[in-house]
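So the structure is just underneath, and the comments pick up after that.
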Protein chains: 2
Amino acid sequence: MTETGSTDTGKARRSDATRAAILTAARERFAADGYERATIRAIAADAHIDPSMVMRYYGNKEKLFAAAAEFDLRLPDLTGVPREEVGTRLTAHLVDRWEHDDTLMALLRAGVTNQAAAERMRQLFAAQLGPVVAALVADRAEAPLRAGLVATQALGFALTRYVLCLPPVVALDRAAVVAWLGPTIQRYLTGEQDA
Amino acid sequence: MTETGSTDTGKARRSDATRAAILTAARERFAADGYERATIRAIAADAHIDPSMVMRYYGNKEKLFAAAAEFDLRLPDLTGVPREEVGTRLTAHLVDRWEHDDTLMALLRAGVTNQAAAERMRQLFAAQLGPVVAALVADRAEAPLRAGLVATQALGFALTRYVLCLPPVVALDRAAVVAWLGPTIQRYLTGEQDA
DNA sequence: ACTGTAGGCCAACACCTGTTGACATGTCGA
DNA sequence: TCGACATGTCAACAGGTGTTGGCCTACAGT
């Protein structure tokens with residue numbers, strides 16, 4: 001394998017642009033078509049290169065997806081936010097994150113039929129959402145459950161709005177989304193189980 | 001085409017068992033693998049027949065899916081239920097429906113990558129959940145939106161529990177699911193937008 | 001100027017897919 | 001008994017898939 005050190009800030013290689021183009025095209029295809037329908041050939045065509053280049057740079061389709069599905073939710077620190085506002089704040093952030101990055105869509109579409117993608121999704125919520133929630137709740141043992149509940153609503157919203165495109169859900173503007181989903185997320189984060 | 005009248009209650013044909021076996025196998029495969037990974041060959045093997053029989057009886061893969069994805073939510077009439085209980089009642093019913101029938105799973109897994117399946121899902125919520133919600137809300141114009149919101153939470157729960165298998169969500173028992181999701185559904189059905 | 005090597009393309013492979021048509025078998029009415 | 005028709009099997013097709021290896025070209029270091 002050619003030197004691909006992750007830590008070195010060495011000189012840029014001539015192929016870096018190509019690598020990036022492949023990754024971008026891969027994200028778009030995986031997001032639009034899911035794992036199996038996103039073909040290496042189509043991704044290569046989008047990146048204006050030969051399919052064999054994809055193999056050379058990323059080994060195989062699985063590894064390409066793994067590289068393309070690297071994602072950071074960039075969750076804000078909610079400990080400084082008034083407790084009654086954390087639901088709306090988190091909701092607004094998630095919606096924004098979803099609308100400005102294909103990666104989550106790729107993860108969602110692929111995660112439904114691909115085991116590795118599903119595992120990624122699990123890690124995403126456990127490793128990134130989990131800690132943020134843990135810093136918020138009184139009993140830290142409750143954190144994974146509460147993070148999971150948030151995931152049900154967040155992913156369900158994304159699924160119905162961006163994938164299945166249920167018309168009434170698509171029609172909602174940002175403010176309405178936050179107004180409707182915010183209190184739900186708030187309750188999952190800070191509320192009691194008994195209504 | 002052989003006589004396949006939909007209205008006739010004529011004598012059962014010898015091939016009806018085969019037809020049913022194909023449909024059952026198709027539902028299981030579509031539910032487990034999604035649309036593209038569920039192959040005609042695998043379905044035929046499960047049904048212990050030749051792949052060409054699937055084609056003869058259902059024409060092509062698309063039509064087979066259409067037949068396999070026929071589904072009735074069997075939603076109860078909620079007009080007689082105390083208003084503050086409709087959320088938990090609907091939640092409990094949906095969970096039960098989901099756990100005892102592969103069809104919804106097939107619809108969900110396929111709907112993420114297949115247009116026809118997504119369209120089915122849209123019709124399902126519009127035609128079956130819509131009216132039930134409409135009978136419940138004061139302003140009927142709000143019904144589609146409220147049904148859509150219910151869909152976000154219901155499908156999101158199914159996605160995280162049965163497809164992505166987030167551990168904390170999988171761990172919930174039936175009572176806990178109803179206790180957590182019930183109030184959310186209740187608010188989407190009968191609550192005001194401003195918390 | 002020469003050469004090694006990285007970057008890129010082409011053709012091919014082995015496999016799997018949906019789909020088709022020819023052929024065998026069984027069943028039931030005339 | 002015989003023939004029509006439903007039921008089922010087998011083999012093959014045309015196209016698409018991930019993946020591989022050989023070949024060409026241009027640039028960087030000497």
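Order of the sequence lines sets the chain letters (A, B, ...), proteins ahead of strands, with each chain counted from 1.
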Using whole Å, what does the distance between atom [atom2] of nucleotide [N] and atom [atom1] of [X] come to?
X: H48(A); N: dG7(C); atom1: NE2; atom2: P; answer: 20 Å
X: K63(B); N: dG18(C); atom1: NZ; atom2: P; answer: 16 Å
X: I43(A); N: dT17(D); atom1: CD1; atom2: P; answer: 11 Å
X: D50(B); N: dA22(C); atom1: CG; atom2: C1'; answer: 13 Å
X: I49(B); N: dT7(D); atom1: CD1; atom2: C1'; answer: 11 Å
X: M55(A); N: dC9(C); atom1: CE; atom2: C1'; answer: 16 Å
X: R56(A); N: dC10(C); atom1: CZ; atom2: C1'; answer: 13 Å
X: I40(B); N: dT17(C); atom1: CD1; atom2: C1'; answer: 10 Å

Inset, instruction - Enter the distance from M121(B):CE to L159(A):CG here, rounded to the nearest 0.5 Å. - result: 8.0 Å
Inset, instruction - Specify the residue among K61(A) and M53(B) whose closest nucleotide of DNA chain D lies further upstream toward the 5′ end. - result: M53(B)
Can you give me every donor-acceptor pair (side chain of residues 124-148 of chain B, partner residue at least two apart or in another chain, under 3.5 Å) with its distance?
{"residue": "Q128(B)", "atom": "OE1", "partner": "L73(B)", "partner atom": "N", "Å": "2.6"}
{"residue": "Q128(B)", "atom": "NE2", "partner": "F71(B)", "partner atom": "O", "Å": "3.0"}
{"residue": "D139(B)", "atom": "OD1", "partner": "A141(B)", "partner atom": "N", "Å": "3.0"}
{"residue": "E142(B)", "atom": "OE1", "partner": "R146(B)", "partner atom": "NE", "Å": "3.0"}
{"residue": "E142(B)", "atom": "OE1", "partner": "R146(B)", "partner atom": "NH2", "Å": "3.1"}
{"residue": "R146(B)", "atom": "NH1", "partner": "Y188(B)", "partner atom": "O", "Å": "2.9"}
{"residue": "R146(B)", "atom": "NH1", "partner": "L189(B)", "partner atom": "O", "Å": "3.3"}
{"residue": "R146(B)", "atom": "NH1", "partner": "G191(B)", "partner atom": "O", "Å": "3.0"}
{"residue": "R146(B)", "atom": "NH2", "partner": "G191(B)", "partner atom": "O", "Å": "2.9"}

Inset, instruction - Give one of base, sugar-phosphate or nothing for Y57(A), where a contact means two heavy atoms less than 4.0 Å apart. - result: sugar-phosphate
Inset, instruction - Name the nucleic acid region contacted by T18(A), choosing base, sugar-phosphate or nothing; use a 4.0 angstrom heavy-atom cut-off, strictly under. - result: sugar-phosphate
Inset, instruction - Please answer whether the main-chain N or O of T39(B) pairs with a side-chain N or O of K61(B) as donor and acceptor at a distance below 3.5 Å. - result: no
Legend entry - Side-chain donor/acceptor of R41(A) to base of dG16(D), under 3.5 Å: no
Legend entry - Proximity to the side chain of T39(A) - top-ranked nucleotide from dC10(D), dG18(D), dT20(D): dG18(D)
Legend entry - Phosphate OP1/OP2 of dG7(C): any S15(A) side-chain N/O under 4.0 Å: yes
Legend entry - Between Q153(A) and T152(B), a side-chain donor and acceptor under 3.5 Å: yes
Inset, instruction - Kindly give the heavy-atom pair with the smallest separation between I43(A) and A25(A), and that separation in Å. - result: O-CB, 3.6 Å
